[in-house]
Amino acid sequence: MTACSRHKIAVFASGQGSNFEAIVRASLAGEVNADVALLVSDNPSARVCQIAREMGVETFVFAAKDYASKEEYERLIVEHCRQREVELICLAGYMRIVGRVLLEAYRGAIVNIHPSLLPAFAGAKAIEQAVNYGVKVYGVTVHYVNQTLDGGEIIAQQAFGYEGSDIEELTTMIHKVEHKLYIDTIKKLLK
Ligand code: GRF
């Protein structure tokens, strides 16, 4: 990553966008030395797209079904990122496996946040998986993205105890931990 004064990052998201919003707020507050130059989303009706519009963040929103292959839409994503000199890609609830084109273009510069202590409970519905298993210690992981689902090198983790089984309460707790851990990790990665 270059030592320029203000870095450029892109956030990829498909859903509610609470992490996206937290990152943009941290950027606007000067807490993170980076501009969120782009939101990439595969879900035009996602709340995150609305938040991006309200916060004035540029978007590239696509529907995978409009493209012949993952390679095709990922080439476009790379183009949008490069046009804005994006250095770091932060996945935040992006519900697609990242493919070869993106991984090669942004080697070592794509990170993801996952709502469990990996390698436990990889994949979808991690919070529900953990609750159903009956764990008493929950947590969050930030990791590099590679070709394996939730399998890249771990960068940061944070654990906390919770004895209940209220998914909604737990999700709120997890999001709170995620927002801080993701921002702290992005700050470190950009140094
Ligand atoms: C987060 O829990 C994140 O860990 C997972 O997807 C969720 C996205 O939440 N990968 P939000 O859209 O940022 O609110």
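Since this is a predicted model, take the numbers as computed values, not measurements. Numbering of ligands and ligand atoms starts at 1, following listing order.
Annotation for ligand 1: atoms under 4.0 Å from non-hydrogen atoms of Gln16 are 12 (O), 14 (O). Atoms of ligand 1 found under 4.0 Å from any heavy atom of Pro115, numbered from 1 in the order shown, are 2 (O), 4 (O), 5 (C). In the vicinity of His114, heavy-atom distances shorter than 4.0 Å reach the ligand 1 atoms 4 (O). Within ligand 1, the atoms closer than 4.0 Å to a non-hydrogen atom of Glu178 are 1 (C), 2 (O), 3 (C), 4 (O), numbered from 1 in the order shown. Close contacts between ligand 1 and Ile113 involve ligand atoms 3 (C), 4 (O), 5 (C), 10 (N) [criterion: under 4.0 Å to a heavy atom]. Contact atoms of ligand 1 toward Gly93: 6 (O), 8 (C), 10 (N) (distance under 4.0 Å to a heavy atom of the residue).
Side chain to side chain, Asn43 and Ser45 meet the donor-acceptor criterion of an N or O pair below 3.5 Å. No hydrogens or angles considered: a donor-acceptor pair under 3.5 Å links the side chains of Asp42 and Ser14.
Shortest contact from atom 12 (O) of ligand 1 to any protein heavy atom: Gly17 N, 2.8 Å.
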Problem - Pair Val11-Val24, side chain to side chain contact (heavy atoms under 4.5 Å, CB included): steps then yes or no - result: CA-CA 9 Å; Val11 178; Val24 175; 5.9 Å; no

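The closest non-hydrogen atom to atom 11 (P) of ligand 1, taken over Ser18, Gly15, Ala124, comes from Ser18.
Heavy-atom distances between His175 and ligand 1 reach below 4.0 Å in at least one pair.
Aromatic pair Tyr162/Phe160: ring centres not closer than 6.0 Å.
Using modelled atom types, one side-chain atom of Lys70 and one backbone atom of Ile97 make a donor-acceptor pair closer than 3.5 Å.
Rounded to the nearest 0.5 angstrom, Tyr73 OH and Ile77 CD1 are separated by 6.5 Å.
Using a 4.0 Å cut-off between charged side-chain N and carboxylate O, Glu71 and Arg75 make no salt bridge.
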